[in-house]
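Please find one structure pasted underneath; my questions will follow.
Basis for what follows: all heavy atoms, side chains included, without hydrogens, waters or symmetry-related copies.
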Number of protein chains: 2
Amino acid sequence: METRELRYFVAVAEELHFGRAARRLGIAQPPLSRAIGGLERRLGTLLLERGSRGVALTGAGAVLLREARAALDAVEAAERRTRRAALAATGRPAVVLAAKAGASDELLAKLLDAYAAEPGAVAVDVVLCGPGEQARLLHDGRADVALLHRPFDDTAGFDTEDLHSEGQVAVLPVGHPLSVRPHVRLAEVTDLPDLPLPRWPRPDGTFPDGPGPQVRDHTQLTQLIALGRACAVVPESGRTGLREDLTAVPVPDAPHVTTVIAWPPHSRSTAVAGLVRAATAR
Amino acid sequence: METRELRYFVAVAEELHFGRAARRLGIAQPPLSRAIGGLERRLGTLLLERGSRGVALTGAGAVLLREARAALDAVEAAERRTRRAALAATGRPAVVLAAKAGASDELLAKLLDAYAAEPGAVAVDVVLCGPGEQARLLHDGRADVALLHRPFDDTAGFDTEDLHSEGQVAVLPVGHPLSVRPHVRLAEVTDLPDLPLPRWPRPDGTFPDGPGPQVRDHTQLTQLIALGRACAVVPESGRTGLREDLTAVPVPDAPHVTTVIAWPPHSRSTAVAGLVRAATAR
DNA sequence: CAGGAGCGATACCCGGGCGGTATCGCCCGC
DNA sequence: GCGGGCGATACCGCCCGGGTATCGCTCCTG
């Protein structure tokens, strides 16, 4: 199977429409139909159920969609990492670290300081990204290391090392009835009719249904809370640097959050190894 | 990058010789040279240092070799898993479980029994393989689940669940001076001049240097020990079913061995999930 | 030191396959 | 019943991947 075929299949499987997929790929529809047909013939199975109105995935098609995405990520990662290796040889070598924007700032700063103090440390390019984006960056080679947060982020498929564990707090607008309490139970904040929990985007960019407002980053979140339109439950470390018009109340029964450093298996470049060492040394 | 290019590059990087690589790929040498050249041009970097006698990998080339192998495994896995999904839809569905030959027999039997008793259990095809082979089978899609043994096997890149932990024993021929001791220290058996530790093959099939005899499987190992040509340190469970002319002596200071069940991340088919459940339920 | 062998690069040609346009066949909705 | 939407098919042209022949370079060798 060639990556071209995989790219074509993923496009059709995502669009569920040959015409749109072809447009997205920048080719005409007939070659696309033929490519998918050839793939199906060689695999000896139907991948797409052609109805008169659009198409649907078969069981085998669903499996191939999942596997093809992983394979294409791996190919992309190969290209990116090779390019970076070439760059590092003839210029300034660097590692790319992905971290969730607005989380673990303090830990991150300490980590960068500790690593920079190591002999032979290279430059660290920090990429701040939306929640849940780190895994993708690591998979497709745009990042070499990432800070993830269990149980929110999926650490499957990576090597990880635990760095820090902490409880969670509810962030509320100053003046809210609950904001004066010494602590609250999780159930009390998850279904406040006046302050619903916000909805974060899924990996594909769409939002789950629900009453809460849609948020994409930390600024939007704090702003919405300040406006009295939402509340949130976040790790303790999120209270540092909180706006004046917000308060944080501990939620003892919320699950603990563990910050971990993660890297792709078998890619212990000396730089990544150094970062991991610096992170765990403390 | 197309998988064809990756396959070509891996062939040359492994052979370090364009002619041989071309023969192995079943093509002529000139198209291979051109393909690699094109790859280098598009990546904007040299991947291979052409000396007058053969070639050598550059830094970027070494990175691409590692990444390309992973990517090709992923593509192969995509194809195999799709084929199996298609087969499962129209015939007898099955999961493939990889296990080291001659290890964890008892645990494996119990696991299979426990799973078979579950409602909706499908057939389990057990693939017994050489040590260290399981990870490869899992990576390239020939297996869906595997039993691995930490710290011997590399579990990086998989989801795992611990099943069992045990100490190790030294296996010696009956009559050996150490065989009557209640226990021995690891250092005592690792450098016996008369009974060297055997050498296991590396993933690429070659053997490390050393005094011990080369072994490829469990039968060869026991036979060599019985012949008085080697000794071995193996998990306790290896003493069950030992030949009469061999004895096992506990080695308390040897690292504990943990048997884990592993599966590729994000591939929790119901069958794999059932197996994991059956394995961890006890 | 000249000759030859080994190895990768280059030159050139051929054919298959990929992509394009035109059109068909089918099903659904009005 | 008819038109429109959608995927499949037919057919064509061109590019690119693969083949053969040959070159250029570097060692080794007698």
Side-chain angles (χ1 to χ4, degrees), chain A residues 1-62 64-65 68 71-72 75 78-79, chain B residues 1-62 64-65 68 71-72 75 79 86:
Chain A
M1 285 198 301
E2 291 303 312
T3 63
R4 184 181 50 83
E5 300 178 293
L6 292 179
R7 267 188 287 268
Y8 285 8
F9 174 73
V10 169
V12 178
E14 283 178 358
E15 299 284 349
L16 292 177
H17 189 292
F18 279 75
R20 273 199 304 275
R23 235 172 298 135
R24 187 173 117 188
L25 292 165
I27 64 171
Q29 170 257 320
L32 182 55
S33 282
R34 253 188 302 143
I36 303 290
L39 200 55
E40 291 179 321
R41 192 166 28 77
R42 261 186 307 137
L43 288 171
T45 182
L46 220 63
L47 297 170
L48 299 160
E49 207 74 65
R50 277 82 159 171
S52 57
R53 232 59 176 177
V55 291
L57 281 172
T58 65
L64 183 59
L65 177 57
L72 288 175
V75 171
E79 182 159 351
Chain B
M1 286 200 300
E2 291 302 312
T3 63
R4 184 182 51 84
E5 300 178 293
L6 293 179
R7 267 188 287 268
Y8 285 7
F9 173 74
V10 169
V12 178
E14 282 177 357
E15 299 284 349
L16 292 177
H17 189 291
F18 279 75
R20 274 200 302 277
R23 235 171 299 134
R24 185 173 119 186
L25 291 165
I27 65 171
Q29 171 257 320
L32 182 55
S33 283
R34 253 188 303 147
I36 303 291
L39 200 55
E40 291 179 322
R41 192 165 31 75
R42 262 185 306 135
L43 288 171
T45 181
L46 220 62
L47 297 170
L48 298 161
E49 208 74 65
R50 276 84 159 171
S52 59
R53 233 59 178 176
V55 291
L57 280 173
T58 65
L64 183 58
L65 177 57
L72 289 176
V75 172
E79 181 158 354

Check whether any side-chain heavy atom of B:Leu65 lies under 4.5 Å from a side-chain heavy atom of B:Val10, and answer yes or no. yes
Whole-Å distance separating the CD atom of A:Gln29 from the P atom of D:dA10: 14 Å
Are the side chain of A:Thr45 and the backbone N or O of B:Ala86 linked by a donor-acceptor pair below 3.5 Å? no
May I have the distance from A:Arg20 (atom CZ) to D:dG5 (atom P), rounded to whole angstrom?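 Interatomic distance, CZ of A:Arg20 to P of D:dG5: 13 Å.
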Any non-hydrogen side-chain atom of A:Leu39 less than 4.5 Å from a side-chain atom of A:Tyr8? no
Between atom CD in B:Glu5 and atom C1' in D:dG18, what is the gap in whole Å? 15 Å
Closest to the B:Ala28 side chain, choosing from C:dA9, D:dT20, C:dG20: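 The nucleotide sitting nearest to the side chain is D:dT20.
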Rounding to a whole Å, what distance do you find between A:Leu32:CG and C:dG19:P? 9 Å
Indicate yes or no: does B:Glu15 engage B:Arg23 in a salt bridge with an N to O separation below 4.0 Å. no
A:Glu2 CD to D:dG17 P, in whole Å, measures 10 Å
Is a donor on one side and an acceptor on the other found under 3.5 Å between the side chain of B:Glu40 and the backbone of B:Leu48?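 Confirmed, B:Glu40 side chain pairs with B:Leu48 backbone.
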Can you tell if the side chain of B:Arg50 reaches within under 4.5 Å of the side chain of B:Ile36, non-hydrogen atoms only? yes
Of the listed D:dA8, C:dG8, D:dG18, the closest approach to the B:Ser33 side chain comes from C:dG8
Please state how far atom CD1 in A:Ile27 lies from atom C1' in C:dT21, giving the value in whole angstrom units.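 Interatomic distance, CD1 of A:Ile27 to C1' of C:dT21: 14 Å.
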Sugar-phosphate, base or nothing in reach of B:Arg4, heavy atoms under 4.0 Å: sugar-phosphate
Can you name the atoms? Protein N/O to nucleotides 28-30 of chain C N/O, anything below 3.5 Å, with the distance.
none

Strictly distance-based, threshold 3.5 Å: is any side-chain N or O of B:Glu2 a donor or acceptor partner for the main-chain N or O of A:Thr3?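 Looks like yes, one N/O pair under 3.5 Å.
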Nearest whole angstrom, please: distance from the P of C:dG8 to the OH of B:Tyr8. 16 Å
Taking DNA chain D as the partner, which of residues 42-50 of chain A come within under 4.0 angstrom of it by heavy atom? A:Arg50
By side-chain hydrogen bond (donor to acceptor under 3.5 Å, both in side chains) - contacts of A:Glu49 (at least two apart):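 Checked A:Glu49 against side-chain hydrogen bond (donor to acceptor under 3.5 Å, both in side chains); zero matches.
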Measure the distance from CG on B:Leu16 to P on C:dG6 and round it to the nearest whole Å. 19 Å
Among D:dA8, D:dG17, D:dA21, the one nearest any side-chain atom of A:Phe18 is D:dA8
With a 3.5 Å cut-off and heavy atoms only, can you find an N or O donor on one side and an acceptor on the other between the side chain of B:Arg34 and the base of C:dG8?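 Looking at the base of C:dG8, it does not pair with any donor or acceptor on the side chain of B:Arg34 (distance under 3.5 Å).
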Please determine if a side-chain N or O atom of B:His17 lies less than 4.0 Å away from the OP1 or OP2 oxygen of C:dG8.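 Yes, such a contact exists.
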For the residue pair A:Leu64 and A:Leu43, establish whether any side-chain heavy-atom pair is separated by less than 4.5 Å. yes
